[in-house]
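Notes follow once the structure below has been shown.
Hydrogens, waters and symmetry mates play no part in the numbers below; they use all other heavy atoms, side chains included. Keep in mind that this is a model prediction, so the values were computed, not measured. In what follows, chains are A, B, ... by sequence order, proteins preceding strands, each numbered from 1.
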Amino acid sequence: MPRIASGIQNSAVAQIFDEVADLLEIQGENPFRVRAYRNAARTVRDLPEAVTDLVRRGERDLTELPSIGTDIAEKIRTIVTTGGLPLHKELCAKVPPGLLQLLRIPGLGPKRVKLLHAKLKITSAADLQTALDSGRVGKIKGFGPKTQEQMRAALGQKTMEAGPRRLLLFEAEEQAEALRRWLEDGGSFDTLTVAGSYRRRRETVGDLDFLVTSAATANVIARFTSYPGAVRVISKGEIGAAIELQNGLRADLRALEPDAYGAGLLYFTGSKAHNIELRQIAQARDLKLNEYGLFKGSRRVAGRTEAEIYEYLGLDFIPPELREARGEIALAREHRLPKLVELAEIKGDLQMHTTATDGRATLEEMAAGAQKLGYEYIAITDHSKRVSMALGFDAARLREQWAAIDKLNARTKGFTILKSIEMDILENGEMDLPDDVLAEADYVVATIHYGLNQSSEQLTHRLLAAIRHPFVDAIGHPTGRRLGRRERESYAVDFETVVRAAVESRCLLEIDGHPERMDLPDTLAAAGKRAGARFVLSTDSHAVNNLPFMKYAVDVARRAGLESRDILNTRSLAEFRRGLKRAVKSGSKR
DNA sequence: GCCGTTTTCGGCCCGACTGTTTTCAGTCG
């Protein structure tokens, strides 16, 4: 049994492999060896469980994972047991690690970084700045004035250390819609789709890819590059252009021929890894796939729609949300793709707040807003008393709110407010409200807000206590991660143990669609589904205009491959109630 | 370094754009 170095996260293992890839590349190593490390990094990063657990249990052969062979499997074991990798240390000794930072500068890749190091002994951003100022860089072949200017600009930006921030899907959506309106006001195109990770509905978006078909391509490109929200034009060609928006977001435009529309859509939607797998399938059939179509020799055999390309390759149509090279292509070949849940199937919202605690709208306003969205029911889940900052409820105030809800329900037809609470799981694993109150609730979602820095054992223990509690129906925002400005990693919980307990206890797992949470993350929700877990979708709304966040919860669910049967709030109110743990426990099933 | 519907060796996705070049390498997505 190997000793496990404590606290090595998947992301840390992945980062070591990514750095190995960068360092090898700067050395001019075999590019395919470089790619092997990058692929391995991606596999580890996407893993739904802790790689340390995989190694510790030793029951599963790491080489069964995609892009992990005997060599890298051994290296993973080394990293997990010792906390480091000798190869990584050797490379860092040979190649100054400061060079990795230089790779972040647009236009600087491994070849040029290597050249700068070899010719000018540059090992850091500061060195580069000095060399630029003294004019030594300009003397190297291949470093013209434009390249130098580009490097100066990048060095002057504060974002150098962190790299450009990916925008929340919600923020990207605002940007994309504004730019779309600008293009639409300019007329002159037939169709417009925003592709990329935006179309795949990833929780964060690195750039925006606009695809158009138009009889007047030059006009569209001109309109695009004159967008008032652009700070500069990155590139401009005959069939496309790229601009940088005010917040650092990059937007690409590409004009497509109608006959190649599907091929372009496929290509620009990605993911890159998905496309590479498709091209390999094409290649094995003596075909070539590029953004202009699927070709047999010089003849285009498919390309007008994505569906006809998939069909020609012997695959069912794969929805964009699943295109991550996580096994969806094999499912498509075997006609086993899930029928993904849709927003219209959601019949209720299971987490929201009111002015009684930290919300900005009253009970009545939230209910009215939810009714407008066509819901059959909602749960009002204000905080419990542990969240004192938000004026969380004690038993007495909670019962007052429930009395108000009873009155409201009595005069409303076809819409029901469930008497609920977002109840804190205390640091010692106890519930924040007594059992007799929780027993009276229609629905209880339990969450952790405090003691986030506890050990994995403590945090897991707390979640298990809630999961096994007879009146806790669901675990809310189960990993506690945050995205965006208040970014925060997941709590250090043993998620596999948590999921197993949730399945055993019939406790639901929430997918919180708030744009700063999107929690569960998609890979964990997918792992939960494989283990047999059931889910609820919610918005965690704190205002009426938050209620549409449900679409982001649906995005996560779709990326996780969830179907309506996996999600309890796709059911009518009666079925929803019957599906709750408390209904089974109290014997109302008969 | 990974991987296998022709394979355990010999492949490994594909094209646009830029800058600095007179025909292309490097970078990027």
Side-chain angles (χ1 to χ4, degrees), chain A residues 17 20-22 24-26 28-43 62-76 87 102-116 137-151 154 164 195-198 205-211 221 225 233-243 250-256 260 263-264 266-295 313-314 325 330 333:
Chain A
F17 286 146
V20 166
D22 287 340
L24 289 173
E25 203 170 17
I26 290 173
E29 252 282 1
N30 175 1
F32 299 109
R33 187 177 173 215
V34 171
R35 187 192 298 172
Y37 279 103
R38 286 203 208 293
N39 289 342
R42 178 173 176 276
T43 295
L62 291 173
T63 62
E64 284 170 22
L65 299 170
S67 306
I68 308 289
T70 52
D71 187 283
I72 289 186
E74 189 51 42
K75 288 189 166 71
I76 291 175
L87 170 65
L102 299 181
L103 289 174
R104 291 229 188 86
I105 295 174
L108 267 195
K111 299 277 169 60
R112 283 176 165 165
V113 166
K114 187 185 178 186
L115 206 58
L116 287 171
V137 173
K139 298 210 172 79
I140 306 177
K141 194 177 162 195
F143 287 83
K146 292 252 178 132
T147 306
Q148 292 178 60
E149 190 185 319
Q150 200 177 18
M151 293 192 296
S197 53
Y198 180 80
V205 173
D207 60 13
L208 296 171
D209 299 289
F210 283 75
L211 303 181
I221 292 173
T225 54
V233 176
I234 297 167
S235 70
K236 186 175 175 181
E238 283 179 19
I239 59 172
I243 57 177
R250 176 191 167 114
D252 287 281
L253 176 84
R254 181 70 172 246
L256 303 174
L266 199 58
Y267 173 78
F268 285 102
T269 297
S271 67
K272 187 172 166 172
H274 178 87
N275 286 345
I276 288 174
E277 274 196 45
L278 288 183
R279 285 173 183 183
Q280 285 166 341
I281 291 171
Q283 224 179 20
R285 296 176 174 218
D286 229 10
L287 301 165
K288 187 174 74 170
L289 178 63
N290 59 27
E291 62 257 54
Y292 301 109
L294 184 62
F295 295 88
L313 294 174
R333 189 183 294 123

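Residue A:K236 places no side-chain N or O under 4.0 Å from the OP1 or OP2 atom of B:dT18. Put simply, A:T147 has a side-chain N or O that comes within less than 4.0 Å of OP1 or OP2 on B:dT20. At the phosphate of B:dG19, neither OP1 nor OP2 sits under 4.0 Å from any side-chain N or O atom of A:Q150.
Nearest nucleotide to the A:N290 side chain, out of B:dA16, B:dG15, B:dC12: B:dG15.
Contact annotation for A:N39: no contact, since no heavy-atom pair falls under 4.0 Å across all strands. If you check every strand for non-hydrogen atoms under 4.0 Å, A:L278 touches nothing.
With sequence neighbours left out, the side chain to side chain donor-acceptor pair (under 3.5 Å) criterion links A:N30 to no other residue. For A:R333, there are no side chain to side chain donor-acceptor pair (under 3.5 Å) partners two or more places apart in sequence or in a different chain. When the side-chain contact (heavy atoms from CB on, under 4.5 Å) test is applied to A:A21, the partners found at least two apart in sequence or on another chain are A:V34, A:Y37, A:R38. Contacts of A:R254 classified as side chain to side chain donor-acceptor pair (under 3.5 Å), with partners at least two apart in sequence or in another chain: A:E291, A:Y292. Shown here are the side chain to side chain donor-acceptor pair (under 3.5 Å) partners of A:R33, two or more places apart in sequence or in another chain: A:E29.
Across B:dG26 and B:dT21, the matching C1' atoms stand 13 Å from one another, rounded to whole Å. When the P atom is used for both B:dG11 and B:dT6, the distance is 16 Å, rounded to whole Å.
The CZ-P distance, from A:R35 to B:dC12, rounds to 9 Å in whole Å. The CG-P distance, from A:L211 to B:dG15, rounds to 18 Å in whole Å. Look at CD1 on A:I140: it is 13 Å from P on B:dT21, rounded to the nearest Å. Summarising the geometry, the separation between CD1 on A:I243 and P on B:dC17 is reported as 16 Å, rounded to the nearest angstrom.
Within the 4.5 Å cutoff, the side chain of A:L103 has no heavy atoms near those of the A:E25 side chain.
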Heavy atoms under 4.0 Å is the rule here; annotate nucleotides 23-29 of chain B 5' to 3' with B where the base is hit, S where only the sugar-phosphate is, and - elsewhere.
---SSSB
